[in-house]
*Asks:* 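Here you go, one structure.
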Amino acid sequence: MSYDKTFSVEGGNFQAAGNVSSEIKGILKELGLPRDTVRRAAIVCYESEINIVSYAKKGQIVLHADDQSVEIEAKDEGSGIPDIELAMKEGYSTATAQVREMGFGAGMGLSNMKRYADDFFISSEVGVGTYVKMVVFNLDLKLHPDHPQWVDTYT
Amino acid sequence: MTLNDVKDILDAEVIVGREQLGKEIKTAFSADLMSDVLAFAKTESLLLTGLTNPQVVRTADILDISAIIMVRGKKPSEETVKLAEQLKIPILSTKYILFETSGRLHRSGIVGCIEKVGTE
Ligand SMILES: Nc1ncnc2c1ncn2[C@@H]1O[C@H](COP(=O)(O)OP(=O)(O)O)[C@@H](O)[C@H]1O
Ligand SMILES: [Mg+2]
């Protein structure tokens, strides 16, 4: 099995924020991937979509799913991130009031992506845009003693 | 306990999902911060919140949350109701404050979907 699709995300459209992630979650479910894989992929996708809406002019989310893993790439044309290490710190945020009204903007997004993805890569150029790539492995997580917390959500 | 029991305990108004009141409820998570919900809430929990915008429903959908309880008499916006109907996620509204809502449910046997952070 192999599935690829690219979605566009509009910067500043707070009403639509999350539509792409819902759709991707539906696709992953339909593909019959394990519940834990779907859940983690949906979470990281949603946080990255919220960031595109919050901080960029426009962006794309590229989904790739196969039997081994789900890959989510979020790329945008926007302000970029001057200090990635600082941006990754829980609690650091430059979010506007509008973002906070939605329940985001507490500086948890990037760390949530890192927490839930098995592989996380970010690069950014100020004034150009940001690229985030996240991989969620589609494994029997019961085999992973490093991550016992996943066992109870995996079915 | 069922969602209907939750409704009675909280003297809540059902805004979306009247047909889903038979749902079994065991755990809950309270937050006004959707990133915290994404970080810590578990599948099939109740979400207790004071936020009313569509992102609450989106977040619930992403996590397969069983139902949303809006506290402090908060009512969902029109867009929120539309989205919840479309995604089939029940929304109840209670006049109790978040502390009372959580306390009343806990006393009746609903527990947190996790107890503490960092101990998983
Ligand atoms: N795609 C992006 N483009 C520009 N800046 C970003 C982007 N994503 C994140 N940032 C910056 O990193 C900070 C932290 O992001 P995040 O962890 O998602 O928390 P939050 O969105 O709640 O602020 C943001 O406040 C913003 O300054
Ligand atoms: Mg964010």
*Asks:* In Å, rounded to the nearest 0.5 Å, how long is the span from CD of B:Glu79 to CD of A:Gln15?
*Replies:*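 Separation between the atoms: 4.5 Å.
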*Asks:* Under a 4.5 Å side-chain heavy-atom rule over Ile, Leu, Val, Met, Phe, Trp and Tyr, are B:Ile65 and B:Met1 clustered together?
*Replies:*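 The answer is no; the residues belong to distinct hydrophobic clusters.
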*Asks:* Considering residues, nucleotides and ligands other than B:Arg18, do more than 12 of their heavy atoms fall under 6.0 Å from its CZ?
*Replies:*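 Incorrect, the count does not exceed 12.
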*Asks:* Quick one: of B:Asp36, B:Val56, B:Thr59, who has the most non-hydrogen atom pairs under 4.5 Å with chain A?
*Replies:* B:Thr59
*Asks:* Does B:Glu24 have more than 12 heavy atoms from other residues, nucleotides or ligands lying within 6.0 Å of its CD?
*Replies:* yes
*Asks:* Are A:Val99 and A:Ile43 grouped together when hydrophobic residues (ILVMFWY) are joined by side-chain heavy atoms under 4.5 angstrom apart?
*Replies:*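 Result: yes, single cluster for both.
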*Asks:* Is there a chain of hydrophobic side chains (I, L, V, M, F, W, Y, each step under 4.5 Å between heavy atoms) that links A:Met113 to A:Leu86?
*Replies:* no
*Asks:* Does atom NZ (B:Lys23) have a neighbourhood of more than 12 heavy atoms from anything else shown, all under 6.0 Å?
*Replies:*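 Enclosed.
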*Asks:* Examine B:Ile15 and B:Ile9 and state if one hydrophobic cluster contains both, with Ile, Leu, Val, Met, Phe, Trp and Tyr joined whenever side-chain heavy atoms are less than 4.5 Å apart.
*Replies:* no
*Asks:* For a quick test of reading the model, state the closest non-hydrogen atom pair linking A:Tyr116 to B:Phe40 and the distance between them.
*Replies:*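 A:Tyr116 and B:Phe40 have their closest heavy atoms at OH-N, 4.2 Å.
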*Asks:* Of all heavy-atom pairs between B:Ser35 and A:Gly109, which one has the smallest distance, and what is that distance?
*Replies:* OG-N, 4.4 Å
*Asks:* Report the option among B:Leu63, B:Asp32, B:Thr49 that has the most heavy-atom pairs separated by less than 4.5 Å from atoms of chain A.
*Replies:*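 Heavy-atom pairs under 4.5 Å are most numerous for B:Leu63.
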*Asks:* Answer yes or no: is there a donor N or O on one side and an acceptor on the other, between the side chain of A:Asn112 and the main chain of B:Leu38, under 3.5 Å?
*Replies:* no
*Asks:* For the atom pair OG (A:Ser22) and CD1 (B:Ile62), what is the distance rounded to the nearest 0.5 Å?
*Replies:* 4.5 Å
*Asks:* Looking at chain A, which one of B:Asp61, B:Leu87, B:Leu83 has the largest number of heavy-atom pairs inside 4.5 Å, strictly under?
*Replies:* B:Asp61
*Asks:* Do the side chains of B:Asp64 and A:Lys25 get close enough for a salt bridge, i.e. N-O under 4.0 angstrom?
*Replies:*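 Answer for the salt bridge query: yes.
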*Asks:* Where do A:Arg115 and B:Ala39 come nearest, in terms of heavy atoms and distance?
*Replies:*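 Between these two residues, the closest heavy atoms are NH1-CB, 3.3 Å.
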*Asks:* What residues of residues 45-62 of chain A sit under 4.5 Å from chain B when you count only heavy atoms?
*Replies:*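 Those residues of residues 45-62 of chain A which have a heavy atom under 4.5 Å from chain B are A:Tyr46, A:Glu47, A:Ile50.
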*Asks:* Please tell me whether B:Leu33 and B:Leu48 are part of a single hydrophobic cluster in this structure, the criterion being side-chain heavy atoms less than 4.5 Å apart.
*Replies:*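 Different clusters: B:Leu33 never reaches B:Leu48 through Ile, Leu, Val, Met, Phe, Trp or Tyr contacts under 4.5 Å.
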*Asks:* Taking it one step at a time, do B:Thr43 and A:Arg35 satisfy side-chain hydrogen bond (donor to acceptor under 3.5 Å, both in side chains)?
*Replies:* CA-CA 10 Å; B:Thr43 295; A:Arg35 213 166 90 168; 4.6 Å; no
*Asks:* So, B:Gln55 side chain and A:Ala17 main chain: donor-acceptor pair closer than 3.5 Å or not?
*Replies:* yes
*Asks:* Is B:Asn53 close to chain A through its backbone or its side chain, or both, or neither, when contacts mean heavy atoms under 4.5 Å?
*Replies:*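 When you check distances to chain A, only side chain atoms of B:Asn53 fall under 4.5 Å.
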*Asks:* Answer with side chain, backbone, both or neither: which region of B:Glu44 has an atom nearer than 4.5 Å to a non-hydrogen atom of chain A?
*Replies:* side chain
